[in-house]
Protein chains: 2
Amino acid sequence: MTRSEENYLKTIFHLGGGDSKSITTNAIAEQMETKPSSVTDMAKKLSEKGLVDYVRYQGVSLTEVGVKTALSIIRKHRLWEVFLVKKLDFTWDEVHEVAEQLEHIKSEKLIDKLDELLDFPKYDPHGDPIPTKDGKFQERDEKLLSEIPINSQGVCVGVKDSSVPFLKFLDKNKIALGNTIKVLDKEDFDNSLRIQMEGKEMRISHQIAANLYVKKND
Amino acid sequence: MTRSEENYLKTIFHLGGGDSKSITTNAIAEQMETKPSSVTDMAKKLSEKGLVDYVRYQGVSLTEVGVKTALSIIRKHRLWEVFLVKKLDFTWDEVHEVAEQLEHIKSEKLIDKLDELLDFPKYDPHGDPIPTKDGKFQERDEKLLSEIPINSQGVCVGVKDSSVPFLKFLDKNKIALGNTIKVLDKEDFDNSLRIQMEGKEMRISHQIAANLYVKKND
DNA sequence: ATCTATTTTTAGCTTTGTCTAAATTTAATT
DNA sequence: AATTAAATTTAGACAAAGCTAAAAATAGAT
Ligand SMILES: [Mn+2]
Ligand SMILES: [Mn+2]
Ligand SMILES: [Mn+2]
Ligand SMILES: [Mn+2]
């Protein structure tokens with residue numbers, strides 16, 4: 001497996017190609033900031049190798065082996081992110097870029113031992129689940145903050161958008177994973193929310209609320 | 001800097017090309033298990049980039065920038081080796097291969113923080129010195145065990161040959177860095193040594209003694 | 001100084017992964 | 001059903017890094 005092949009598999013998985021859904025070459029190209037023609041070439045190669053099902057003009061989806069491979073890369077990516085935050089004091093907006101490199105290191109022992117060092121974490125710094133060694137996801141009953149009813153509350157457990165600007169915005173506003181958030185009120189006009197978090201009241205836009213996952217604790 | 005360029009610089013450094021000594025393309029090719037013609041191509045490229053001085057038919061040596069770059073890669077390699085042993089319980093014969101991959105990860109913060117996590121180690125698991133951030137080596141007054149006189153003793157501080165078979169041999173015979181070794185006798189016939197180590201007496205061949213560094217403690 | 005063996009370079013080919021531009025297929029619209 | 005727009009693939013090119021085989025330069029030995 002080359003680094004490029006691994007990145008394609010990961011992208012296809014993230015676009016939903018793990019559920020035998022067909023992902024278009026255009027969608028992959030856009031996500032990877034490359035050209036559709038390059039994606040076509042890689043689709044053929046991955047298909048040759050039995051990692052994707054590819055039908056000309058119809059797009060690709062991951063085979064069982066393809067899913068397994070993608071999950072192992074995602075597992076590595078997220079474990080490294082945890083390592084960077086927990087052991088090397090990186091902030092959650094700094095880890096992704098480095099993890100993009102580290103995820104391609106080939107050593108099964110390395111990743112097993114890293115998992116152990118980190119005490120077998122279930123989620124990465126952005127709240128994304130870490131697949132187990134045998135490719136299982138620990139699902140969690142989580143909802144977008146924008147979708148829970150007024151007066152209900154939950155613990156913030158993840159972000160949907162994990163772009164650097166969004167993460168920095170959250171830091172600036174002291175919104176962190178683990179915080180308990182209660183929805184006090186919704187504004188019909190712009191869908192903004194009045195919330196209570198860690199004792200304080202604040203107002204957040206719909207765009208923010210629609211990118212925060214909470215686990216309702218009722 | 002590509003991974004390949006980095007590997008060439010590291011190899012040239014290890015062959016002595018840091019002291020403006022000319023290293024032949026053949027020597028580099030042999031070390032890297034590649035062909036001389038490939039080395040020539042890379043020599044031209046690295047020369048273009050100002051990392052080596054290259055004179056056709058005469059070989060290459062590292063420029064100042066080339067040395068600095070090589071040292072930073074060696075620094076990363078050795079710090080990762082320490083990490084693998086100290087934090088992930090790798091044995092000293094397992095680390096090199098993985099470090100060969102990890103040394104190419106690009107993140108200054110990562111390596112600084114790793115250094116800190118490891119408490120700024122001065123030597124790697126094989127006793128090789130770790131260059132500082134600004135490319136300085138901490139020299140150590142060490143000698144090969146085969147070259148110290150009878151009845152003198154020293155602490156084992158490093159290995160010259162760090163091949164897997166040699167390291168495993170040392171493990172099997174309980175010869176470890178940190179052990180104090182005293183030379184009791186030399187056999188003229190085959191240059192083997194009778195030594196005392198950690199209370200026990202044993203005999204070791206010249207080949208072993210010529211690959212162990214000791215720091216004399218008198 | 002000449003010849004020869006060795007080293008080194010050059011020339012040309014290969015693979016991987018990318019691109020552009022042209023051709024083709026599919027999908028949408030009349 | 002025909003036309004058009006959009007998506008997708010093909011064809012051909014390129015850069016990086018490697019290889020083989022042939023040519024050129026160097027070094028060693030007479
Ligand atoms: Mn990430
Ligand atoms: Mn990646
Ligand atoms: Mn090493
Ligand atoms: Mn390397």
Side-chain angles (χ1 to χ4, degrees), chain A residues 1-17 20-62 66 69-70 73 100-101 103-106, chain B residues 1-17 20-62 66 69-70 73 100-101 103-106:
Chain A
M1 289 281 302
T2 68
R3 173 176 301 225
S4 187
E5 287 170 354
E6 290 185 349
N7 284 334
Y8 273 96
L9 290 181
K10 204 177 55 145
T11 300
I12 295 166
F13 182 90
H14 281 135
L15 290 173
S20 57
K21 192 180 112 191
S22 246
I23 310 298
T24 65
T25 46
N26 255 16
I28 297 165
E30 189 176 0
Q31 182 75 19
M32 298 186 72
E33 300 185 74
T34 180
K35 302 292 166 182
S37 55
S38 305
V39 178
T40 300
D41 288 345
M42 186 56 84
K44 286 177 188 164
K45 200 206 302 191
L46 293 175
S47 171
E48 282 296 315
K49 294 196 173 188
L51 294 161
V52 304
D53 292 315
Y54 168 56
V55 184
R56 273 170 68 212
Y57 293 100
Q58 298 305 129
V60 298
S61 61
L62 296 173
T69 310
I73 300 156
E100 281 292 302
Q101 299 178 61
E103 72 190 10
H104 301 292
I105 302 291
K106 279 158 189 64
Chain B
M1 288 283 299
T2 68
R3 172 174 303 224
S4 187
E5 287 169 353
E6 290 185 348
N7 283 333
Y8 273 96
L9 291 181
K10 203 176 56 140
T11 300
I12 296 166
F13 183 89
H14 281 135
L15 291 173
S20 58
K21 190 180 112 191
S22 246
I23 311 299
T24 66
T25 46
N26 256 15
I28 297 166
E30 188 176 0
Q31 181 77 21
M32 297 185 73
E33 300 186 74
T34 181
K35 302 292 166 182
S37 55
S38 305
V39 177
T40 301
D41 287 345
M42 186 56 85
K44 286 177 188 165
K45 200 206 303 192
L46 292 175
S47 170
E48 282 295 317
K49 294 195 173 191
L51 294 161
V52 305
D53 292 316
Y54 168 56
V55 184
R56 271 171 65 204
Y57 292 100
Q58 299 305 130
V60 298
S61 62
L62 296 173
T69 310
I73 300 156
E100 282 292 301
Q101 299 179 60
E103 73 189 9
H104 301 291
I105 301 291
K106 278 157 191 66

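Throughout, a chain's letter reflects where its sequence line sits, starting with A, and its residues are numbered from 1.
Of all non-hydrogen atoms in V52(B) and A43(B), the two that sit nearest each other are CG2-O, 3.8 Å. The two residues E5(B) and M1(B) come nearest to each other via the heavy atoms OE1-CA, 3.4 Å.
In this entry the distance linking CE of M42(A) with C1' of dT10(D) reads 17 Å, nearest Å. I28(A) has its CD1 atom 13 Å from the P atom of dT18(C), to the nearest Å. Nucleotide dT16(C) holds its P atom 15 Å from the NZ atom of K44(A), rounded to whole Å. If you measure from atom CD of E6(B) to atom C1' of dA16(D), you get 15 Å, rounded to the nearest angstrom. To the nearest angstrom, C1' of dT18(C) lies 14 Å from CD of E5(A). The interatomic distance linking M1(B) (CE) with dA16(D) (C1') rounds to 14 Å, in whole Å. Put simply, CD on E30(B) is 10 Å from P on dT7(C), counting in whole angstrom units. In this entry the distance linking CE of M32(B) with P of dC19(D) reads 10 Å, nearest Å.
The nucleotide whose nearest atom lies closest to any side-chain atom of T40(B) is, among dT9(C), dT8(D), dT9(D), dT9(C).
For the pair K35(A) and Q58(A), both in contact range of DNA chain C, the more 5′-proximal nearest nucleotide belongs to K35(A). Along DNA chain C, the nucleotide nearest Y57(A) and the nucleotide nearest D41(A) are compared for position; the residue whose nucleotide lies closer to the 5' end is D41(A).
Counting heavy atoms of neighbouring residues, nucleotides and ligands inside a 6.0 Å radius, atom CD of E30(B) does not exceed 12 of them.
Applying the 4.0 Å criterion to OP1 and OP2 of dT8(D), one finds that Y54(A) has every side-chain N and O outside that range. For dT8(C), one of the phosphate oxygens OP1 or OP2 lies less than 4.0 angstrom from a side-chain nitrogen or oxygen of T25(B). A sub-4.0 Å separation between OP1 or OP2 of dG18(D) and a side-chain N or O of T34(B) is absent. Applying the 4.0 Å criterion to OP1 and OP2 of dT26(D), one finds that R56(B) has every side-chain N and O outside that range. In this model, the phosphate group of dT8(D) is approached by a side-chain N or O of N26(A) to a distance below 4.0 Å at OP1 or OP2.
Within 4.0 Å of S4(B), counting heavy atoms only, lie sugar-phosphate atoms of the nucleic acid but no base atom.
Evaluation of atom-type donor-acceptor distances gives a pair under 3.5 Å for the side chain of S37(A) against the base of dT20(C).
Between the side chains of E6(A) and H104(A), at least one donor N or O sits under 3.5 Å from an acceptor N or O.
Taken to the nearest 0.5 Å, the OG1 atom of T25(B) stands 14.0 Å off from the CE atom of M42(B).
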